[in-house]
Asker: 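This is the structure, below, for whatever I ask next.
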Amino acid sequence: MDIPLELLYTKEHEWVSVDDNVATIGITDYAQGELGDIVFVELPKVGDQTRQMEPFGTIEAVKAVSELYAPVTGKVVAINEELQESPELINQDPYGKGWMIKVELSNPEELDKLLSPKDYEQLIG
Amino acid sequence: MKKTPLYDWHVAAGAKMVEFAGYLMPVQYRGIIEEHKKVRSSVGLFDVSHMGEFTFYGPEALAFLQKMTINDVGRLAVGQAQYSAMCYDHGGIVDDLIVYRHEDHYLMVVNAANLEKDWQWLQEHAMPGVELRNESDDTALMALQGRHAEKVLQPLTDLDLSGIKFYWFAIGRVAGVEAMVSRTGYTGEDGFEIAVAANDAVKVWEAMMESGKPYEIEPVGLGARDTLRMEMKYCLYGNDIDETTNPLEAGLGWITKLEKGDFIGAGALLRVKAEGIKRKLVGMELEDRNIARHGYPIFKDGEEVGVITSGTFSPSLNRPIAIGYVAAPHHEIGTELTVKIRQRDAAATVVKTPFYQRPY
């Protein structure tokens, strides 16, 4: 199970990478493995607001649909347009080409509530 | 939790195992879409040993099955199989199943999820002159499905497979053991289902995997079994049919032989037919990429007219498909409907089924 050390995590299996004041968000390798083949992802629009631990989108796998939870509060400044045509990128490269949205943080202290790689590893243990 | 005789094989092959109908079953090995496409393009092998097998011996076996099932068992020749169902008195469905006529007995293959219920239902109605046996635990069932199925199986058997027509079967040897080989399946592809003694399952399974190597055979899990059957609009008990649905509205009129003589449910089904069906199980295509799933409501001009019973992403068509009950007259092909997918309205159109047609 791939759990990159430079990322933060949620208990709902999203990952966050923070650069400056912008968080890039996706789902973990464990999550994509559990979901199986992902066929559609519904994302917010650029300019929409996210709120920490509230849904920001949905992900459709062949077997089931799941909600995506925002790890942070802020404004969506980019979405991964490639996922509309190629949602399988989330399965193939969950921490790279499978990224979902970028959010400008309104409240950087929220990052303290996220899980460290070690905590996340224990969660899915 | 029960295991099939192939459980260890599945685990060693890296399958993701899930609980289904009290069994630990492989839901996928390499991925649902990949396995689905393998069956459509070449050949795949399924473990369906969780399904139930009942046998019926004795002079009244035919009469008993005529009473218990809705298709006409009297039309079966020795070596022939028949898709059928059992109904309650009120016309709701107990289970859908296949009946096989052997030389000196009949065999019924039923859904794993209904095995106990079916067995009890049959026992409640047992009559003198019929001996029922539940062979489920002693029987392994495997499905070899895909255009290359015959080429994979033929080198392993003394049977002439080209002589077994669709919904016929024969008894012979496969990989050195006694087997029942039927030309049946749940995928819409050509293929066979192979029943053997539970102890022989691994040997036969491994022989088919080996023989299938030139065709890049893959094991296939329950996930792809579900997407394959949905592309054909084959009913799944518990999703599309159950005790609250009758075979006529489920599109199973072709197996409902109201003229064959009395059977359990016949009275109710005759009334349904006389009054006209109020809703019908139809196939729908959806415009956007969200998947309409079991239980989602269907609307026409703001009025609720039906419910989705099965929905998935079709790997063959590369878009969502759905099956559901729609009230008359909105079930006609071409009717535009709306499915409520969580908070959003998704446009759906009633289409001709099956969704997928094999090109050979």
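Quick note: numbers below take in every heavy atom, side chains included, and nothing from hydrogens, waters or symmetry partners. Per chain, numbering begins at 1; letters A, B, ... match sequence-line order.
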Asker: Sort by residue number and list every residue of residues 28-58 of chain A having at least one heavy atom under 4.5 Å from chain B.
Answerer: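 Heavy-atom contacts from residues 28-58 of chain A to chain B are A:G33, A:E34, A:G36, A:D37, A:V39, A:F40, A:E42, A:T58.
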Asker: Provide the closest heavy-atom pair for A:V18 versus A:V16 in the form atom of the first, atom of the second, distance.
Answerer: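 Looks like CG2-CG1, 3.9 Å.
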Asker: Heavy-atom distance under 4.5 Å between the side chains of B:V339 and B:L337, does that happen here?
Answerer: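 B:V339 vs B:L337: side chains apart.
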Asker: Run B:W205 and B:L45 through side-chain contact (heavy atoms from CB on, under 4.5 Å) and show every step you take.
Answerer: CA-CA 8 Å; B:W205 176 276; B:L45 186 57; 3.5 Å; yes
Asker: Any chance you could lay out the salt bridge (Lys or Arg N to Asp or Glu O under 4.0 Å) test for B:E116 and B:K2, step after step, and finish with the verdict?
Answerer: CA-CA 14 Å; B:E116 296 302 327; B:K2 288 171 120 179; 5.1 Å; no
Asker: Please tell me if the side chains of A:I27 and A:I59 come closer than 4.5 Å, counting only heavy atoms from C-beta onward.
Answerer: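 Yes, side chains in contact.
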Asker: Any luck finding a side-chain donor-acceptor pair between B:S316 and B:E231 under 3.5 Å?
Answerer: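 Yes.
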Asker: Taking the six-membered ring for Trp and the full ring for Phe, Tyr or His, determine whether the centres of A:H13 and A:Y120 are under 6.0 Å apart.
Answerer: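 Between A:Y120 and A:H13, which both carry aromatic rings, the centre distance is below 6.0 Å.
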Asker: Side chain, backbone, both or neither: which part of B:R344 has a heavy atom under 4.5 Å from chain A?
Answerer: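 It is the side chain, since no backbone atom gets that close.
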Asker: Quick one: are B:R225 and B:V48 in side-chain contact, heavy atoms under 4.5 Å?
Answerer: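 In contact.
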Asker: Non-hydrogen atoms of chain A under 4.5 Å away: do they reach the side chain of B:N290, the backbone, both or neither?
Answerer: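 Contact with chain A: backbone and side chain both.
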Asker: Do the side-chain N and O atoms of B:T4 and B:D47 include a donor-acceptor pair separated by under 3.5 angstrom?
Answerer: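 B:D47 and B:T4 do have a side-chain donor-acceptor pair below 3.5 Å.
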Asker: With the side chain counted from C-beta on, respond yes when B:N114 and B:Y237 share a heavy-atom pair under 4.5 Å apart, and no when they do not.
Answerer: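 With C-beta onward as the side chain, the pair touches.
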Asker: Output the residues of residues 297-311 of chain B for which the shortest heavy-atom distance to chain A is under 4.5 Å, in residue-number order; output 'none' if no such residue exists.
Answerer: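 If one takes a 4.5 Å heavy-atom cut-off, no residue of residues 297-311 of chain B lies near chain A.
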Asker: Below 4.5 Å, heavy atoms only, C-beta onward: do B:K16 and B:V27 meet side chain to side chain?
Answerer: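 With C-beta onward as the side chain, the pair touches.
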Asker: Between A:E14 and A:Y9, is there a side-chain heavy-atom distance shorter than 4.5 Å?
Answerer: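 SC-SC contact between A:Y9 and A:E14 ruled out.
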Asker: So for B:R289, is it side chain, backbone, both, or neither that comes closer than 4.5 Å to the heavy atoms of chain A?
Answerer: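 Both parts, backbone and side chain.
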Asker: Going by residue number, which parts of residues 347-360 of chain B are within reach of chain A, meaning a heavy-atom gap below 4.5 Å?
Answerer: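 No residue falls under the 4.5 Å cut-off.
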Asker: State, yes or no, whether a side-chain contact exists between A:T73 and A:L105 at a heavy-atom distance under 4.5 Å.
Answerer: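 No, every pair of side-chain atoms sits at 4.5 Å or beyond.
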Asker: Who in residues 28-38 of chain B is close to chain A, using a strict under-4.5 Å heavy-atom cut-off?
Answerer: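 Against chain A, the residues of residues 28-38 of chain B that fall inside the cut-off (heavy atoms, under 4.5 Å) are B:Q28, B:G31, B:I32, B:I33, B:E34.
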Asker: Any idea which heavy atoms bring B:L144 and B:A149 closest together, and the distance?
Answerer: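 Nearest pair, atom of B:L144 first, then B:A149: CD2-O, 3.5 Å.
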Asker: Under a 4.0 Å N-O cut-off, is there an ion pair linking A:K97 with A:E82?
Answerer: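 No salt bridge links A:K97 with A:E82.
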Asker: Are the charged groups of B:D240 and B:R229 less than 4.0 angstrom apart, N to O?
Answerer: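 Here B:D240 pairs with B:R229 in a salt bridge, since their nearest N and O are under 4.0 Å apart.
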Asker: Could you check if a side-chain atom of B:P320 sits within less than 4.5 angstrom of a side-chain atom of B:T312, using non-hydrogen atoms only?
Answerer: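 No. Closest side-chain heavy atoms not under 4.5 Å.
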Asker: Would B:E189 and B:R147 count as a salt bridge (Lys or Arg N to Asp or Glu O under 4.0 Å) here? Give the steps.
Answerer: CA-CA 6 Å; B:E189 298 296 327; B:R147 66 186 70 189; 5.1 Å; no
